[in-house]
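These notes concern the structure reproduced below.
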Amino acid sequence: MSIQLAIFVSGRGSNMEAILKSIQDGELDASVELVFSNDPHAKALETAKQFGIKTASIANTGLTRSEHENKVRELLETVSFDYIVLAGYMRILSAKFLSHFRDPRGFFRVINIHPSLLPAFPGKCAYEDAFSYGVKVSGITVHLVDEQVDHGAILAQQSFPRLADDTLETFKARGLAVEHALYPAVLREISNNGIKLDNLTRESIET
Ligand code: GRF
């Protein structure tokens, strides 16, 4: 079944682009109804426009979290979508905002990609933190978003090695290549089979 997506971005947008390419190539049965950014200057918005996707931005500067989220919600009321896909969206979503996107089974219809093997290295600098910790193996996590940061039920994880001669840059590049394959693959699985409750932790469905 085709799924409708609203993608949230804040910057470069390489994951968004990987998702759009996967749709374009006929590998992912989905449509992107909106690309939204909290940064009007995000490169991702330009890329989305080149794909012919509707874009919108609402800057968060000068607004409280709740003021900003109320505006984003108003915007989303004009769009039809099944899932919000966070792709480098650098804002924490409040429990109140998330509550508007609750699936009848309890979880929120909001998905995120995080560049570590959660629960290791949550937060904004996961690549840097994992690299400077000296991990031998790291990875990428795609998960449902819940009220805690980088925390919800894990949908998929894929590991990648840190090689002996890696610099932070080569380590990040290896991880990013995994991200670009994993996010479209997880969305393809959701498009084909929905989100399977078996995959979810009890905690995430008992809210
Ligand atoms: C990615 O590393 C993603 O895992 C993290 O933010 C980064 C976004 O990169 N959440 P891009 O904007 O998709 O290129």
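What's counted below: heavy atoms across the whole structure, side chains too, no hydrogens, waters or symmetry copies. All ligand and atom numbering here is 1-based and tracks the order in the structure.
Ile92 belongs to a hydrophobic cluster whose remaining members, ordered by chain and number, are Val149; membership requires side-chain heavy atoms of ILVMFWY residues under 4.5 Å apart, directly or through intermediates.
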Need the list: ligand 1 N/O atoms against protein N/O atoms, distance under 3.5 Å, rounded to one decimal.
from, atom 1, to, atom 2, distance (Å)
ligand 1, 2 (O), Glu179, OE1, 3.4
ligand 1, 2 (O), Glu179, OE2, 2.8
ligand 1, 4 (O), Glu179, OE1, 2.6
ligand 1, 4 (O), Glu179, OE2, 3.3
ligand 1, 9 (O), Arg12, NH2, 3.1
ligand 1, 10 (N), Ile113, O, 3.1
ligand 1, 12 (O), Gly13, N, 2.8
ligand 1, 13 (O), Ser14, N, 3.3
ligand 1, 13 (O), Asn15, N, 2.9
ligand 1, 13 (O), Asn15, ND2, 3.0
ligand 1, 14 (O), Arg12, NE, 2.6
ligand 1, 14 (O), Arg12, NH2, 3.1
ligand 1, 14 (O), Ser14, N, 2.8
ligand 1, 14 (O), Ser14, OG, 2.5

Evaluate the criterion ring pair (Phe, Tyr, Trp, His ring centres under 6.0 Å) for residue pair Phe108 and Phe101; output intermediate values, then yes/no. CA-CA 5 Å; Phe108 304 121; Phe101 307 104; 8.7 Å; no
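With hydrogens and angles ignored, the 3.5 Å screen pairs a side-chain donor or acceptor of Asp166 with a backbone N or O of Leu163. Side chain of Ser191 to main chain of Met1: a donor-acceptor pair is present (N/O by atom type, distance under 3.5 Å, no hydrogens or angles).
Screening residues 33-44 for salt bridge (Lys or Arg N to Asp or Glu O under 4.0 Å) gives no qualifying pairs among residues at least two apart or on separate chains.
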Got a list of side-chain donor-acceptor pairs under 3.5 Å for residues 75-89, not counting sequence neighbours?
from, atom 1, to, atom 2, distance (Å)
Glu77, OE2, Arg73, NH1, 3.2
Thr78, OG1, Leu75, O, 2.6
Ser80, OG, Gln4, OE1, 2.7
Asp82, OD2, Gln4, N, 2.7

